[in-house]
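Scope of the values below: all heavy atoms of this structure, side chains included, with no hydrogens, waters or symmetry mates.
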Amino acid sequence: MNRIPYAVRIAAAALGMLAGVAVTPLTLTSAQGGKPTYDPTVGHAPVWETPIPAPPLSQGQRTMWPNQPDHATHWSVKDIRQAHDRLAAQEIAGKEPDPKSVLHDFPYWTRTHSMFVYHASQKRSANSAQQHQGYSQFVVIMGGTGTLQAGGRIVNARVLAESGRQIPGEMRGDTIEGGTNYQLAEGDIVAIPPDTPAKFTATSRGGMTYMVMKVNAMLYPWDLIR
Amino acid sequence: MKSVLGLVCAGVLAGIVGATVFRVARPVLAQGPQAAQAGGRPGQPPRIPPLASPPLYPDQKPTVIVWTSADMKKVYDARVAAARGVTSATAAPRFESLQTRTHGVSLFFRTKFDSPRPANRSGIVSLVDDADQHEGVTDFYVIAGGTGQMVTDGEIEHRQYGHNPRGSAESGAKTTVVFPGEFNGQPIRDGRTYDVAPGDWLAIPPGVPHWPGYNPGNGLMYVGVKINIGLYGPNTMY
């Protein structure tokens with residue numbers, strides 16, 4: 001031992017230290033400023049299977065309005081009335097009205113708002129009371145007449161469940177206790193704030209058709225909006 | 001020889017430990033002692049604890065508003081009468097507008113001027129109001145009274161930044177206030193012209209030129225929903 005010069009010993013230790021530094025991994029998790037570890041099994045939001053299509057993400061230039069069309073869209077009152085007439089005819093014929101594809105360019109999806117056509121039946125039991133925490137509603141009556149009961153509270157409210165999974169923020173029930181009744185007809189417009197119980201019921205034969213613009217309250221993932 | 005190997009092994013271990021400690025500590029050291037206490041980065045605001053239960057919709061009134069077509073017809077008749085100088089028009093039902101953080105609902109009425117005069121925004125001498133282009137707002141119109149023509153898409157000629165020629169409503173300043181992201185001018189070139197009537201809808205995405213007052217007939221009234229796409233201050237959305 002004594003025969004090995006100090007210089008060799010120091011060189012050996014230094015060489016070892018250099019080797020140690022060299023083999024230490026460069027991508028330490030904690031060295032990335034607190035970036036969390038990506039683990040596909042932890043911390044992921046559940047994937048909802050929904051009939052509503054997710055808005056496609058643009059792969060091109062990102063703008064302030066990433067998924068809006070690049071042109072204006074016009075719906076004439078003639079098209080709107082025809083949509084109601086078709087749905088009313090389906091209900092009168094005893095069929096289940098299908099409002100999804102009854103009007104061109106519907107449903108209309110963007111990052112901030114979406115628009116859908118709905119049809120309320122004259123049968124009170126066929127319509128549900130709904131309460132949405134995640135969006136405001138701007139409603140335009142397209143045809144028929146009906147009643148909107150809004151406000152108050154949903155009796156025995158339950159969280160909406162689809163395929164056994166709960167959709168938080170979406171409450172459903174059969175009846176509303178309290179609230180105010182509004183009589184509605186073609187051309188009427190209604191603004192319903194978020195978290196307000198509402199139930200539409202038709203009073204005209206063939207039901208009432210209405211368009212709902214859902215304005216996202218900005219903090220909600222669209223996958224949770226019904 | 002064994003002792004040299006031992007020294008090499010000890011050096012390797014020391015190197016691994018030293019490099020690991022350095023790389024873990026470097027980001028924290030770089031933030032300085034103040035950042036370590038406040039939990040933020042130098043030059044940035046301190047970290048504020050989150051609210052226990054932040055509201056999803058901080059400024060929406062919990063009331064439902066219904067605008068019936070019958071009421072809007074009365075409002076339209078009153079607006080037309082007012083445009084003709086009939087004074088009793090002030091007795092018309094009031095249209096209750098809505099303004100929230102995410103969107104607003106207002107009533108708009110367009111008429112053709114009796115004689116050429118400076119347009120509302122650009123000052124171009126014309127018989128009608130200017131065309132608009134909003135980078136931060138989606139417009140959705142429901143035609144509520146009158147018939148006429150609207151033009152969308154295309155390009156605005158003589159386009160200029162939107163401004164309020166009346167000055168600042170808050171400060172009372174007479175200087176022109178410029179609205180970034182807002183453009184006005186007329187006419188629209190290569191646009192699409194739509195004949196519109198009560199009950200029609202028109203969706204105008206952000207950035208798309210539109211000229212609601214192009215041909216307002218004897219007076220054109222519409223309910224306009226303006227949806228903030230998330231980057232506009234409320235005072236720049238019009």
Side chain from CB out, backbone as N, CA, C, O: work out which of these in [X] comes under 4.5 Å of a heavy atom of chain A, or both, or neither.
X	answer
Val66(B)	both
Met150(B)	neither
Pro209(B)	neither
Val142(B)	side chain
Leu98(B)	side chain
Asp71(B)	neither

Check the angle between the aromatic planes of Trp75(A) and Phe140(B) and answer parallel, tilted or perpendicular using the 30° and 60° thresholds.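 Taking Phe140(B) first and then Trp75(A), their aromatic rings sit tilted (interplane angle of 30° to 60°).
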Given heavy-atom pairs under 4.5 angstrom as the criterion, report whether the side chain, backbone, both or neither of [X] touches chain B.
X	result
Ile10(A)	neither
Asp79(A)	neither
Ile80(A)	side chain
Glu186(A)	backbone

Run Ile227(B) and Met213(A) through side-chain contact (heavy atoms from CB on, under 4.5 Å) and show every step you take. CA-CA 11 Å; Ile227(B) 301 148; Met213(A) 174 190 284; 3.6 Å; yes
Counting only heavy atoms not in [X], do more than 12 fall under 6.0 Å of its [atom1]?
X	atom1	answer
Glu155(B)	CD	no
Asp105(A)	CG	yes
Tyr214(B)	OH	no

[atom1]-[atom2] distance between [X] and [Y], expressed to the nearest 0.5 angstrom:
X	Y	atom1	atom2	value
His74(A)	Asp195(B)	NE2	CG	8.0 Å
Thr138(B)	Arg111(A)	OG1	CZ	9.0 Å
Gln68(A)	Ile204(B)	CD	CD1	11.5 Å
Trp201(B)	Leu103(A)	CH2	CG	6.0 Å
Thr68(B)	Ile141(A)	OG1	CD1	11.5 Å

Closest contact, heavy atoms only, Thr112(A) versus Asn228(B):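 Heavy atoms of Thr112(A) and Asn228(B) come nearest at CG2-O, 4.0 Å.
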Could you tell me which non-hydrogen atom of Ala72(A) sits nearest to which non-hydrogen atom of Tyr194(B), and how far apart they are? O-OH, 4.0 Å
With chain A as the partner, which of Val105(B), Asp153(B), Thr152(B) has the greatest number of non-hydrogen pairs under 4.5 Å?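 With the most close heavy-atom pairs to chain A, the winner is Asp153(B).
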Pick from [options]: which one has the most heavy-atom pairs with chain B under 4.5 Å?
options	answer
Met115(A), Gln183(A), Gln137(A), Arg81(A)	Met115(A)
Ile192(A), Ile189(A), Val190(A)	Ile189(A)
Ala185(A), Ala11(A), Ser136(A)	Ser136(A)
Ala198(A), Ala14(A), Pro193(A), Ala13(A)	Pro193(A)

Using only heavy-atom distances, determine whether the side chains of Asp200(B) and Ser76(A) contain a donor-acceptor pair under 3.5 Å.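 Ser76(A) and Asp200(B) do not have a side-chain donor-acceptor pair below 3.5 Å.
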